[in-house]
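Worksheet: the structure to be examined is printed underneath.
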Amino acid sequence: MQRTLAIVKPDAVANKNVGEIVSRIEREGFRIVGMRLVNLSRREAEGFYAVHRDKPFFNDLTAFMSSGPAVVLCLEAEDAISKWRTVMGATNPENADEGTLRKQFATNIERNAVHGSDAPETAAVEIAYFFKGVELV
Ligand code: ATP
Ligand code: MG
């Protein structure tokens, strides 16, 4: 079993898509081991996306991620990291496959509805960024 960090980003929360996205998570067979509504500060968003510090989109991205409430989830499944990234679809919704969450809910490459960890090391860091061990069931 593997764990990954998922985020329902502020655009999807504002568009009232939390229910549909959590429903999809359950239908896909993930076990939700942590779930919380957060309102990231700019500094917290910058910390979370620190690997992208030098990218041209860093300022806009961290402004967006701190623009309103988001839902953070820790998901467990076999191959949870790649499984969740498949359900999410490509970063740019224009390239996302039919049936993926980003195809369904993303507005553009930045406001793309959901986040997922990209490797076991980053998943561990990202899960710890939002959840204490005792908060994971
Ligand atoms: P995430 O890390 O959020 O799951 P990802 O792994 O598919 O997405 P990354 O390359 O890690 O994509 O980019 C992180 C986030 O930064 C993207 O989800 C998107 O919100 C934003 N982003 C990525 N590329 C661009 C871009 N070219 N222009 C604007 N925003 C971008
Ligand atoms: Mg990423």
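When a ligand or atom number is given, it counts from 1 through the structure's own listing order. All values below were derived from every heavy atom in this structure, side-chain atoms included, with hydrogens, water molecules and symmetry-related copies excluded.
With hydrophobic clusters built from ILVMFWY side chains whose heavy atoms lie under 4.5 angstrom apart, Val22 does not share a cluster with Leu5.
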Verdict with reasoning, Glu28 to Arg24, per salt bridge (charged side-chain N to carboxylate O under 4.0 Å, His left out): CA-CA 6 Å; Glu28 293 288 345; Arg24 178 73 183 273; 2.7 Å; yes

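Contacts of ligand 1 (protein heavy-atom distance under 4.0 Å) are Lys9, Tyr49, His52, Phe57, Leu61, Arg85, Thr91, Arg102, Ile109, Glu110, Asn112, His115, Gly116.
Side chain of Ser23 to backbone of Gly19: no donor-acceptor contact under 3.5 angstrom is found.
Rounded to the nearest 0.5 Å, atoms CD1 (Ile81) and CD (Glu126) are 9.0 Å apart.
With no hydrogens or angles considered, a side-chain donor-acceptor pair links Arg42 and Thr62 at under 3.5 Å.
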Between side-chain atoms of residues 127-137 and protein atoms elsewhere (two or more places apart, or another chain), which donor-acceptor pairs fall under 3.5 Å?
{"from": "Tyr129", "atom 1": "OH", "to": "Glu44", "atom 2": "O", "distance (Å)": "2.7"}
{"from": "Tyr129", "atom 1": "OH", "to": "Phe48", "atom 2": "N", "distance (Å)": "3.3"}
{"from": "Glu135", "atom 1": "OE1", "to": "Lys132", "atom 2": "N", "distance (Å)": "2.8"}

